[in-house]
Amino acid sequence: MIENLVIVESPAKAKTIERFLGKGYTVKSSFGHIRDLAKKNLGIDVEGGFTPKYIVPADKKKIVKELKSLASESQMVWLATDEDREGEAIAWHLFEELGLDEDKTRRIVFHEITKDAILNALDNHRHIDTHLVNAQQARRVLDRLVGFELSPLLWKKVKPSLSAGRVQSVAVKLIVEKEREIQAFTPKKYFRVIAKFSVPDGKGALTQLKADLSKRFDQLEEARAFLTKCQTSDFTIGAIEKKPMKKSPAPPFTTSTLQQEASRKLGFSVNQTMSVAQRLYESGKITYMRTDSVNLSKLAIGTAAGKIKGDFGEKYLKIRNFTTKSKGAQEAHEAIRPTYMDQSSVEGSRQEQRLYELIWKRTIASQMSEAQLEKTTISIMVSHAAERFVATGEVLKFDGFLKVYMESSDEEQEEEAKGLLPQVEKGNKLTRELIEATEKTSLQPARYTEASLVKKMEELGIGRPSTYAPTISTIQNREYVIKEDRKGIDREMVQLLLKGDSLSEQLIKEKYGYEKGKLFPTDIGTIVNDFLEQNFQNIMSFNFTASVEEEFDEIAKGGKDWPKMIERFYTPFHTKVNTATQTAEKSKGEKVLGEDPKTGKPISVRIGRFGPIAQIGEASDEEKPRFASLLKGQSLETITLEEALDLFRLPRTLGQFEEEELIIGVGKYGPYVRHKSKFYSLAKDDDPFTIELERAIEIIIEKRAQEENRNIKQFDEEPGLLILNGRYGPYISFNKKNYRIPKSKKPEDLTLEECREIIEKAPSRTKKK
DNA sequence: CAGTGAGCGAGCTTCCGCTTGACTT
């Protein structure tokens, strides 16, 4: 017999709570939801008032069985799932599925895992909130209807196995729209003028004063005219302005902000961040990592305050309470923070340590004083021109929270060495060292990274902390979106330089359009997006989620009947699905680019059976059309006639090498050189259309050298056992299996016995499926 | 490893939000 059975959602949480409650309490976890809609026939009886058909998924059978038997021998069952829509629903599903007795069941909630909070919860038990459960059912049913009616439509009209949904389709839309914004963007040229002056520092030496011209010139001639005026001008200090400024710390981490900062500061993908955080959570080092709350428990603030006072002193302490501002936040948990605020570092993998330290710093900083700065602005007058130069400097008067942490930003800003400015006074004359006017262009809109997409989704109220990372994976797995680096192009910019008496003009090189780890839409992503936009504008609108959330809130308050709400949505939606099924054309992104100058036949692009292709001629022609796949980085939307024609120039013969032809082509795995029926991949920088014979031969020779290096060692007694050099370093190959070599051993010194030992000891990979 | 691009049709794909492992590379 069990006195009290407490059920929570997470096993790590269960362990902690069991420790707090001690004897008389058995704490178990449900591992999240235990029931879901059946997958067959929508899992919803649409005609019968949208009645959901719930089943226990195969992987949840075991846990349900266990909980059921524990519940049956318990005197009291406490449903302690999270206090939000999903948590309430989990409690209800448990109640139903475990066949609990109303008199022997209590619903309790807490927002923080502290002894006080839990004991307090036990004293304040209540019943399951049916209205809140209904709001969850409405959410679940709506998502199922949208997803399971739109996806099959895409299978028919675009391509099998595609998917659409309330969240993922809008995420893709953000990326498609951003790309179009960038395509439509025309950079504006301007000239930025900077000057370097020298000033006596009062000790007989000179220091430098760097200043920006307050005006930017649109034309080269204007900039030249200004510099010419400067040639004969005097430069005098005008106004000097000093302004005190304050900087405040950012709130503690939520899932979204943690993903953003880990991406900016540590270079983690959102998946990486979540799995490292999961390990920290499971080992008890941080609080729960899927949260939208910025709230800290009193206990945490208390220990943080102690740590700050102890480490930095009283004046660094400032207790703050942050409030959540994100749309649709449900705040079932605390912010993400260290479990023990006095531990500034932990043991574990390098990644765990780095993420932990980030969390610790952010949390501690959130309870620290503002930083105080003094901003100085000096204006410098030019005797023969109306424009002024401005020099700005920032001096830190009190570091405050900056002692431990500074939030990063997504915008790549121009480096501005803002430091102390030299002591000058109004009326001082300055000596001109140099003035330069450099051509710049306005920045195009920034593409999304995984983390900045999460930020945007959170702003729009789309998705939840538990789904940000999976959604980002889904849209990449469906190949709607691809995460890529793009190398920039070098472009030449004009620079005017005034130094001494000479005014010179030169061209300088600048990298433009370099991108790292950015999200690009694929052709399929674009086509699916346009198809959905055309037919289902309401679901694709950015405030669809926000407006249904309002209705869910009303249901939760008891002011609305959920099946009726669903019906009002579903009736017109289903009609649109039917109409599109019958009338919409197949969407292949087809586009005619022009004519082939040789044959006069039309050249078009579209999605083919194996991806985007260019095509000369039509299927109905007597002669079969010619096909060529688009290259990586090209898209149906932006490819030009010339680029499409180029595709048909491959494969091409470059010349002879070792008395055999050398052919350049593009295959499944990218551009290659073919020689003596062997293939050699081109490097990233090589262009298959322009590559020359010499370079192609170089590639072949390089590859041969690499292959020669492959064999490190082999043994006459055991010819099947090889020590090889691979992509990930040296390894042992034996019987078609590969074995890792311990770092302590030098591969070239290994004996046959040692190799056999390594093979023996290797963990056997007996897999069963 | 380095092509392909037709059509038929059976049987499958798919959503969002809660949770962790058990897998392979």
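In the text below, chain A, chain B and the rest are named by the order of the sequence lines, each starting its count at 1.
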Given [options], identify the nucleotide with an atom nearest to the side chain of [X].
{"X": "A:Lys624", "options": "B:dG5, B:dT19, B:dC15", "answer": "B:dG5"}
{"X": "A:Ser681", "options": "B:dA2, B:dT20, B:dC18", "answer": "B:dA2"}
{"X": "A:Phe610", "options": "B:dG5, B:dC18, B:dG3", "answer": "B:dG5"}
{"X": "A:Lys668", "options": "B:dA2, B:dT19, B:dT14", "answer": "B:dA2"}
{"X": "A:Glu9", "options": "B:dT20, B:dC18, B:dC15", "answer": "B:dC18"}
{"X": "A:Phe627", "options": "B:dG17, B:dA6, B:dT14", "answer": "B:dA6"}

Checking all strands, does [X] fall into the base, sugar-phosphate, or nothing category for heavy-atom contacts under 4.0 angstrom?
{"X": "A:Pro11", "answer": "sugar-phosphate"}
{"X": "A:Leu37", "answer": "nothing"}
{"X": "A:Arg85", "answer": "nothing"}
{"X": "A:Glu149", "answer": "nothing"}
{"X": "A:Ala164", "answer": "sugar-phosphate"}
{"X": "A:Ser629", "answer": "base"}
{"X": "A:Gly611", "answer": "base"}
{"X": "A:Gln136", "answer": "nothing"}
{"X": "A:Gly165", "answer": "sugar-phosphate"}
{"X": "A:Thr471", "answer": "nothing"}
{"X": "A:Val167", "answer": "sugar-phosphate"}
{"X": "A:Arg478", "answer": "sugar-phosphate"}
{"X": "A:Tyr468", "answer": "nothing"}

Mind calculating the distance between [atom1] ([X]) and [atom2] ([N]) to the nearest angstrom?
{"X": "A:Tyr288", "N": "B:dT19", "atom1": "OH", "atom2": "C1'", "result": "6 Å"}
{"X": "A:Glu458", "N": "B:dG17", "atom1": "CD", "atom2": "P", "result": "13 Å"}
{"X": "A:Glu331", "N": "B:dC18", "atom1": "CD", "atom2": "P", "result": "14 Å"}
{"X": "A:Glu479", "N": "B:dT14", "atom1": "CD", "atom2": "C1'", "result": "16 Å"}
{"X": "A:Lys40", "N": "B:dG11", "atom1": "NZ", "atom2": "C1'", "result": "13 Å"}
{"X": "A:Asp143", "N": "B:dG17", "atom1": "CG", "atom2": "P", "result": "6 Å"}
{"X": "A:Ile475", "N": "B:dT14", "atom1": "CD1", "atom2": "P", "result": "16 Å"}
{"X": "A:Lys156", "N": "B:dT13", "atom1": "NZ", "atom2": "P", "result": "15 Å"}

- B:dG9 versus B:dT13 - spacing of their C1' atoms, nearest Å: 16 Å
- Item | Separation of the P atoms in B:dC12 and B:dC16, to the nearest angstrom | 23 Å
Looking only at N and O atoms, is any donor in the side chain of [X] or the base of [N] less than 3.5 Å from an acceptor on the other one?
{"X": "A:Arg464", "N": "B:dC16", "result": "no"}
{"X": "A:Arg139", "N": "B:dC16", "result": "yes"}
{"X": "A:Ser163", "N": "B:dT14", "result": "no"}

- Task: Could you say whether the aromatic ring of A:Trp155 and the base of B:dT14 stack, counting only centre distances under 5.5 Å and plane angles under 30°?
- Result: no
- Stacking check: are the rings of A:Phe679 and B:dC1 less than 5.5 Å apart at their centres and under 30 degrees in tilt? no
- A:Asp292 backbone acceptor or donor facing A:Ser256 side chain under 3.5 Å: no
Using a cut-off of strictly less than 4.0 Å, decide whether [X] has a side-chain nitrogen or oxygen near OP1 or OP2 of [N].
{"X": "A:Ser466", "N": "B:dC18", "result": "yes"}
{"X": "A:Ser10", "N": "B:dT20", "result": "yes"}
{"X": "A:Thr467", "N": "B:dC16", "result": "no"}
{"X": "A:Gln615", "N": "B:dG5", "result": "no"}
{"X": "A:Arg166", "N": "B:dG17", "result": "yes"}

- Parallel, tilted or perpendicular, as decided by the 30° and 60° cut-offs, for the rings of A:His675 and A:Phe657: tilted
- Closest approach of A:Tyr468 and A:Thr255, non-hydrogen atoms and distance? CD1-CG2, 4.3 Å
- Message: Between A:Arg290 and A:Leu150, which residue's closest nucleotide on DNA chain B lies nearer the 5′ terminus?
- Response: A:Leu150
- Geometric cation-pi criterion, A:Lys173 with A:Tyr480: 6.0 Å, 45°: no
- Quick check: are there more than 12 heavy atoms from other residues, nucleotides or ligands sitting under 6.0 Å from NZ of A:Lys676? yes
- Residues A:Arg464 and A:Glu86 bridged, charged N to O under 4.0 Å: no
- If you measure from the Lys or Arg side-chain nitrogens to the Asp or Glu carboxylate oxygens, is any gap between A:Glu97 and A:Arg35 under 4.0 Å? yes
- Between OG of A:Ser275 and CG of A:Leu280, what distance do you get to the nearest 0.5 Å? 10.0 Å
